[in-house]
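Have a look at the structure below before the remarks.
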Amino acid sequence: MSLRGHRIGSAAHVPIERFLIVEIGSQQFALPADLVQGLMTMEESGFVNTLTVQGQDYPSLDLGDRLGLAQAGNGPETRMVLLAQAGIRACIRVDQVHGLVEVERPRVVPLPGQFRSEERNWYVGLILYGEGVAVGLHSRWLLSGAMQGHGGWLNQSQRLPLRLSDTSDRMRKGIAC
């Protein structure tokens, strides 16, 4: 039997992306895991505008405000998420941290058709994981508020024109957007 008759099968390499799933209000978001430097409880962090951790300053960004949602509360599950990339640092308050998930790239659903303009730079897509759906946020947009005065991409005072809850509720129920 010739060698051509034997094929060595190899598993196809499927790219994996890692996200930290957090909740603000009742909306779940997926933060790129490579941005996450740590988590702190409100008791550890206190109520300051800039956290200093191991000599590094993390200015507070109100992600709820940027997304047009209510500000994250002060419940027992409230956490401060420390983010950093390329020397830019920030911290965001979230109502709850659901955990770290690894998602195959094909399970990141592209944005529905109603997202047509600048918001394409804000969202990665919809992240399908376990029993839920989270809206993936782009690293660059997420940290752009901390970059004000440093050539940032988006003024922190700008808010998103579209509510995300309708889209993710429809995705959970299996209704086409």
Side-chain angles (χ1 to χ4, degrees), residues 11 13-48 51-54 56 58-86 88-112 115 119 121-146 160 162-175 177:
H13 174 67
V14 178
I16 301 290
E17 296 192 36
R18 297 176 69 204
F19 296 96
L20 181 68
I21 307 298
V22 299
E23 186 171 314
I24 298 175
S26 61
Q27 180 66 50
Q28 293 182 357
F29 296 97
L31 309 177
D34 60 334
L35 290 182
V36 178
Q37 301 296 304
L39 300 169
M40 298 179 78
T41 64
M42 294 310 291
E43 293 81 31
E44 294 170 325
S45 65
F47 294 93
V48 296
L51 286 174
T52 302
V53 178
Q54 296 180 347
Q56 301 294 323
Y58 293 84
S60 181
L61 291 177
D62 189 345
L63 186 58
D65 185 54
R66 288 185 76 196
L67 294 168
L69 301 170
Q71 183 179 15
N74 293 320
E77 297 298 318
T78 302
R79 298 288 183 268
M80 294 300 284
V81 181
L82 304 176
L83 306 171
Q85 183 178 54
I88 308 298
R89 290 176 174 56
C91 64
I92 58 172
R93 181 191 289 182
V94 299
D95 290 318
Q96 188 172 5
V97 174
H98 291 282
L100 193 61
V101 297
E102 289 185 344
V103 179
E104 293 177 353
R105 190 168 288 151
R107 300 212 24 107
V108 177
V109 179
L111 291 173
F115 295 90
E119 62 270 10
N121 296 320
W122 305 334
Y123 308 123
V124 173
L126 301 174
I127 311 301
L128 307 177
Y129 70 96
E131 70 287 341
V133 176
V135 178
L137 300 175
H138 270 294
S139 308
R140 190 177 355 179
W141 177 81
L142 193 56
L143 288 175
S144 65
L160 303 183
L162 301 174
R163 287 282 191 186
L164 302 171
S165 57
D166 294 337
T167 303
S168 61
D169 288 344
R170 285 182 162 188
M171 289 297 293
R172 275 189 221 129
K173 295 175 184 172
I175 301 170
C177 291

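Counting begins at 1 with the first residue of the sequence.
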**Q.** Contacts of type salt bridge (charged side-chain N to carboxylate O under 4.0 Å, His left out), residue Arg107, not counting sequence neighbours
**A.** none

Drop me the distance from [X]'s [atom1] to [Y]'s [atom2], to the nearest 0.5 angstrom.
{"X": "Ile88", "Y": "Ser139", "atom1": "CD1", "atom2": "OG", "value": "12.5 Å"}
{"X": "Leu20", "Y": "Leu35", "atom1": "CG", "atom2": "CG", "value": "10.0 Å"}
{"X": "Asp65", "Y": "Ile92", "atom1": "CG", "atom2": "CD1", "value": "13.0 Å"}
{"X": "Met40", "Y": "Cys91", "atom1": "CE", "atom2": "SG", "value": "9.0 Å"}
{"X": "Leu63", "Y": "Arg93", "atom1": "CG", "atom2": "CZ", "value": "12.5 Å"}

(Q) Please evaluate residues Leu137 and Tyr123 with respect to the criterion side-chain contact (heavy atoms from CB on, under 4.5 Å), reporting the C-alpha separation (whole Å), side-chain torsions for both, the decisive distance (0.1 Å), and the verdict. (A) CA-CA 5 Å; Leu137 300 175; Tyr123 308 123; 3.7 Å; yes

Of the non-hydrogen atoms in [X] and [Y], which two are nearest, and what is the gap between them?
{"X": "Leu61", "Y": "Leu142", "result": "CD1-O, 3.6 Å"}
{"X": "Ala90", "Y": "Leu143", "result": "CB-CD2, 3.9 Å"}
{"X": "Ile21", "Y": "Ala134", "result": "CD1-CB, 4.0 Å"}
{"X": "Phe29", "Y": "Ile24", "result": "CE1-CB, 4.3 Å"}
{"X": "Glu104", "Y": "Ile16", "result": "CG-CD1, 3.6 Å"}
{"X": "Val133", "Y": "Gln28", "result": "O-OE1, 3.7 Å"}

Q. Could you walk me through whether Ile127 and Val135 pass the side-chain contact (heavy atoms from CB on, under 4.5 Å) check?
A. CA-CA 6 Å; Ile127 311 301; Val135 178; over 6 Å; no

Q.
Consider side chain to side chain contact (heavy atoms under 4.5 Å, CB included). Of Glu77, Glu23, Arg79, which one does Val94 pass it with?
A. Arg79

Can you check whether [X] reaches [Y] side chain to side chain, under 4.5 Å on heavy atoms?
{"X": "Gln37", "Y": "Leu83", "value": "no"}
{"X": "Glu102", "Y": "Glu17", "value": "no"}
{"X": "Val53", "Y": "Tyr58", "value": "yes"}

Q. Is there any salt bridge (charged side-chain N to carboxylate O under 4.0 Å, His left out) pair reaching into residues 31-48, and which pairs are they, with sequence neighbours excluded?
A. none

Q) Centre of Trp122's six-membered ring, under 6.0 Å away, within 45 degrees of the axis: is that where NZ or CZ of Arg66 sits? A) no

Q: Report the C-alpha distance between Arg89 and Leu82 in whole Å, list the side-chain angles of each, state the deciding distance to 0.1 Å, and finish with yes or no for side-chain contact (heavy atoms from CB on, under 4.5 Å).
A: CA-CA 8 Å; Arg89 290 176 174 56; Leu82 304 176; over 6 Å; no

Q. Are any side-chain N or O atoms of Asp95 and backbone N or O atoms of Thr78, one a donor and one an acceptor, separated by less than 3.5 Å?
A. no

